[in-house]
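Below: one structure, written as structure tokens.
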Amino acid sequence: SRGSGKTMLASIICNELNQMGHRTKFSSASDVVSEISESWKSKDMSEKSVIDRYTKPQILVLDDIGVRNGDWVDERFFMVIDARYRDNKTTIFTSNYEIDRLPFKDLRIIDRISDTEKFLPLWMPDESIRKQPRGGDFFAAQTYTGVAVDAETEKIHGLYILHPNNIGRCSHICNAS
């Protein structure tokens with residue numbers, strides 16, 4: 001759902017993991033597509049070097065997947081997602097689409113994202129948080145917010161939010177390899 005805080009939550013997690021020393025990268029799916037298409041016109045960067053920027057980090061956030069699609073887009077997204085999948089790297093995806101409604105023609109992309117052992121969806125509210133109190137205010141009002149990360153492998157295992165009423169609510173927010 002639009003405006004529910006997906007990007008904000010993913011960027012907060014990415015920043016926290018980065019501050020903890022994990023190699024992270026955050027990018028919108030549209031920026032990935034734009035960078036790849038720009039590489040075709042550039043003498044200074046190759047398509048492979050652009051794709052490598054997204055396959056190398058241990059933790060990658062791809063924001064708003066499904067916004068841009070088409071045969072060449074699907075092909076390049078599969079290259080990135082498949083390489084990360086084979087290397088057991090953590091990828092966090094945000095989208096306004098439910099997994100079975102992503103507009104990719106190449107169904108291998110959806111298969112890699114929704115691998116039953118690695119896919120942990122987080123459903124966001126249908127209302128816009130932009131009309132609600134600021135997200136930062138929400139997290140500041142919580143007793144504790146933490147991200148579970150394996151220190152050796154840098155794999156994300158989940159997100160935990162302890163509300164002031166001391167009843168913890170645990171949600172998994174990523175494709176944790």
Side-chain angles (χ1 to χ4, degrees), residues 1-18 22-36 47 50-129 145-150 152-161 168-177:
S1 58
R2 291 186 201 123
S4 63
K6 296 178 299 296
T7 299
M8 181 189 68
L9 180 59
S11 65
I12 288 170
I13 292 167
C14 189
N15 288 335
E16 285 295 317
L17 291 169
N18 196 40
H22 301 285
R23 293 173 297 132
T24 64
K25 181 164 183 66
F26 183 101
S27 183
S28 73
S30 290
D31 286 347
V32 175
V33 171
S34 294
E35 281 185 52
I36 290 170
E47 179 180 300
V50 173
I51 289 173
D52 284 349
R53 279 190 286 223
Y54 296 98
T55 59
K56 297 258 185 241
Q58 187 61 36
I59 300 163
L60 173 67
V61 176
L62 282 177
D63 189 39
D64 273 342
I65 64 166
V67 171
R68 292 179 64 180
N69 56 354
D71 291 338
W72 77 265
V73 174
D74 281 15
E75 183 180 328
R76 281 16 176 244
F77 266 114
F78 180 75
M79 291 169 70
V80 170
I81 293 167
D82 185 58
R84 297 187 60 75
Y85 178 87
R86 285 183 282 113
D87 290 340
N88 281 325
K89 292 186 175 176
T90 299
T91 308
I92 299 171
F93 301 93
T94 71
S95 182
N96 288 328
Y97 295 96
E98 292 181 24
I99 189 73
D100 58 346
R101 297 187 188 276
L102 281 167
F104 295 115
K105 293 178 184 175
D106 186 342
L107 298 180
R108 296 176 303 167
I109 296 170
I110 294 170
D111 288 344
R112 295 300 187 274
I113 293 171
S114 64
D115 181 293
T116 56
E117 294 179 13
K118 300 175 184 178
F119 179 62
L120 305 166
L122 173 68
W123 305 109
M124 300 298 280
D126 286 333
E127 72 236 21
S128 173
I129 64 164
T145 303
V147 179
V149 180
D150 184 314
E152 290 180 23
T153 63
E154 297 185 335
K155 292 180 183 175
I156 298 174
H157 294 284
L159 168 70
Y160 184 80
I161 299 172
R169 298 196 177 114
C170 187
S171 293
H172 297 283
I173 48 79
C174 66
N175 174 8
S177 304

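Here the structure is a predicted model, which means the values were calculated and not measured.
With hydrogens and angles disregarded, no donor-acceptor distance shorter than 3.5 Å links the side chain of Arg76 to the backbone of Asp71. Here the side chain of Lys25 pairs no donor or acceptor atom with the backbone of Tyr54 at under 3.5 angstrom.
In this structure, the separation between CG on Asp31 and CZ on Phe26 is 9.5 Å, given to the nearest 0.5 Å. Taking CG of Asp111 as the reference point, atom CD1 of Ile81 lies at 11.0 Å (rounded to 0.5 Å). Interatomic distance, CD of Glu35 versus CD of Glu47, reported as 12.0 Å (0.5 Å rounding). To the nearest 0.5 Å, atom CZ of residue Arg101 and atom CD1 of residue Ile110 are 11.5 Å apart. We find the CG-OG distance between Leu62 and Ser30 to be 11.0 Å, quoted to the nearest 0.5 Å. Taken from OG1 in Thr90 to CG in Leu60, the straight-line distance is 10.0 Å, to the nearest 0.5 Å.
Taking a cutoff of 4.0 Å between a charged side-chain nitrogen and a carboxylate oxygen, Lys105 and Asp74 do not qualify as a salt bridge.
The shortest distance between side-chain heavy atoms of Met8 and Ile12 falls below 4.5 Å. By the 4.5 Å heavy-atom criterion applied to side chains, Asp87 and Thr55 are not counted as neighbours. Proximity of Leu102 to Ser95: side-chain heavy atoms (C-beta onward) are separated by under 4.5 Å at one or more points. Residues Ile36 and Trp72 have side chains in contact (heavy-atom distance under 4.5 Å, counting atoms from C-beta outward). Put simply, the side chain of Thr153 does not reach to within 4.5 Å of the side chain of Asn88, judged on heavy atoms.
For Thr7 and Asp63, the side-chain atoms include at least one donor-acceptor pair closer than 3.5 Å.
A side chain to side chain contact (heavy atoms under 4.5 Å, CB included) with Thr24 holds for exactly one of Ile59, Ile13, Val61, Asn15; it is Ile59. With Arg112 as reference, Asp82 is the one residue of Asp82, Thr91, Asp106 to meet the side chain to side chain donor-acceptor pair (under 3.5 Å) rule.
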message: Does Ile109 form a side-chain contact (heavy atoms from CB on, under 4.5 Å) with Ile65? I'd like the steps, not just the answer.
response: CA-CA 11 Å; Ile109 296 170; Ile65 64 166; over 6 Å; no
